[in-house]
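A short worksheet on the structure shown next.
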Amino acid sequence: MSKKPTTKKTTARKPVRSKKSQKVISWKRADGRLFDELRPLKIESGVLPNADGSAYIEMGRNKILCGVFGPREMHPKHQAKPNEAVLRCRYHMAPFSVDPRRSPAPSRRDQEISMVMRSALEPAVFLERYPRASIDVYIEVLEADGGTRCASINAAAVALVDAGIPMKDLVAACAVGKIEDKLIVDLGDYEDKKGQSDMPVAYMPKLNKVTLLQMDGNMSAEENEKALNLAIEGCKKVYEVQREALKKKYGIDQPQDRPPKEFPPEEPAEEPQNEEGPE
Amino acid sequence: MSKNNIVSHLKQKKISEVLSTGKRMDGRGFGDFRELTIKRNILFKSEGSAEVWLGKSHVMVGVKVGTGTPFEDTPDEGVLMTNAEFTPIANAAWEPGPPNEASIELARVVDRGIRSAEILDTASLCIISGKLVQIVFVDLYVLNYDGNLIDACSAGAIAALMGAKKPVYSVVEKEAKPTGEKVPLTIRKKPIAVSVIKIGDNLIIDPTADEEDVMDCRLTVTFDEEGNICTMQKSGSVGLTVDEIKKCINMAQEKAPEIRAKAIGD
């Protein structure tokens, strides 16, 4: 997707790889990646003019837009909670995002992903700050290429921060899978379909907590532990890209939209002489 | 598309006031279009795609070619379907759910523009007569709303269709199989829709979201490249005089070639 020329991109074009892996692993994956190598990852925040917060992510060929609205009044009202805000997620795929075309009506899969996304993001948000309010996270998948739920969570976390919602931590997500009895990180569409198992994981790096954990396929307990550690390593790499995306927009060394506030030299303040008139 | 946002009386008054001076809120003249940017074929998984920016309005158009059974009354003809989706990220007031009136109108107006200009040779989309035909889906996906979606989507639909490729099928013993080859769709005409809206006594083109919210009515006219009118659609609950309609058509006709040039990328 293209952006207006004025906006800036955060790119991690060079694949991130650990030195250890290059020694041990000799085989390469279908797309030439190493076993623990992420696809090219690009996140940009503040892309939607009408949303309170937004993010655009390209994770491999996945192209996903996320918009956050809120905290705003809950509609319908009876869904509001008296003690905290309600985080609502909606995962939706464009009809042209997959082959063959899919119906735009929400499927059971969409609803399940919306639900797990909510539970992955909720622990990171200070919901108790906004009783009776709703925070709406809308995900639109423009092009899907395996691992959309992880990519969606990554975008949603950045968009929530962009909306100015107080967060305990970012949430980074990354999938691990098994193909030909080997563990691999960040599965593409091909690996997702041909592989033996798929395990999406979302993780809060600072709080050191896993907020999403799903697994399909088969893995031994030993493999499972290894896979989880690999996933967390992947999440940490994603986390850095998320941080960069936010720094690009909000960092101190970046040119700001507004000039920094200049404080006027201190002068003895003159008392206003009842200029406002009677109430 | 209108009445999505609550516009204060003050804003409404201000818009009319500024219009009475011959200018618009964003400084444009009545007949000026906002900047239109169209990018083609940016998605891998769809047969054709276009991304349209019209001012701050942002639309993604995806073309998918599938197969299905033909309609009973046209057994030798392929099917063209246009669908519009208002995503909730496009506007704070839009909610997820089944298509509403405005999105159906958008899809219908764009669809009729394409259909009545007969831009696709539907006979060439037939694989097995009466059994299997190709279906061309045009999905209009609104990503940000700032008015005039009909014009943006119509230009985007043409741009996406012109870049689209359909898979080729071979029929062996009444079994259709894709050959793996893809050929461009044959596009016979390039219809372009231009909308004119009326606020008070003023006729303006390419309205923003605010202008659409306070508009009295809208007339959308679709032209082919010879200047013939393919479709017209009036919406809004205020009437137009014959003179006004003529004026609208003239304004729209002047603008159409410019938009078409952008859409087809000449």
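Hydrogens, waters and symmetry mates are skipped; everything else that's a heavy atom, side chains included, is used. Just so it is clear: chains get the letters A, B, ... in the order the sequence lines come, proteins before strands, and each one is counted from 1.
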Which members of residues 143-164 of chain A, sorted by number, sit under 4.5 angstrom from chain B on a heavy-atom basis? A/Glu143, A/Ala144, A/Asp145
Check this for me: B/Met81, atom CE, are more than 12 non-hydrogen atoms of other residues, nucleotides or ligands nearer than 6.0 Å? no
For atom CZ of A/Arg132, is the number of surrounding heavy atoms from other residues, nucleotides or ligands below 6.0 Å larger than 12? no
Using a 4.5 Å cut-off on heavy atoms from C-beta on, say whether the side chain of B/Met60 contacts that of A/Glu140. no
If you round to the nearest 0.5 Å, how far is CG of A/Leu142 from OH of B/Tyr141? 7.0 Å
Option in B/Gly66, B/Pro98, B/Pro96 with maximal non-hydrogen atom pairs under 4.5 Å from chain A: B/Pro96
Quick check: are there more than 12 heavy atoms from other residues, nucleotides or ligands sitting under 6.0 Å from CD of A/Gln79? yes
With B/Lys45 via side-chain hydrogen bond (donor to acceptor under 3.5 Å, both in side chains) - residues at least two apart: A/Asp189
Nearest 0.5 Å please: distance from the CG atom of A/Leu65 over to the CG atom of B/Leu143. 5.5 Å
Using non-hydrogen atoms and a limit below 4.5 Å, what part of residues 95-131 of chain A faces chain B? A/Pro95, A/Phe96, A/Ser97, A/Val98, A/Asp99, A/Pro100, A/Arg101, A/Pro104
Above 12 or not: heavy atoms from other molecules or residues under 6.0 Å from CZ of B/Arg28? yes
side-chain hydrogen bond (donor to acceptor under 3.5 Å, both in side chains) involving B/Asn83 - partner list, sequence neighbours excluded: B/Asp139
Is the backbone of B/Pro88 close enough, under 3.5 Å, to the side chain of A/Arg90 for a donor and an acceptor to pair up by distance? no
Donor-acceptor contact below 3.5 Å, side chain B/Asn144 vs main chain A/Leu48: no
So with a 6.0 Å cut-off around NZ of B/Lys182, is the heavy-atom count from everything else above 12? yes
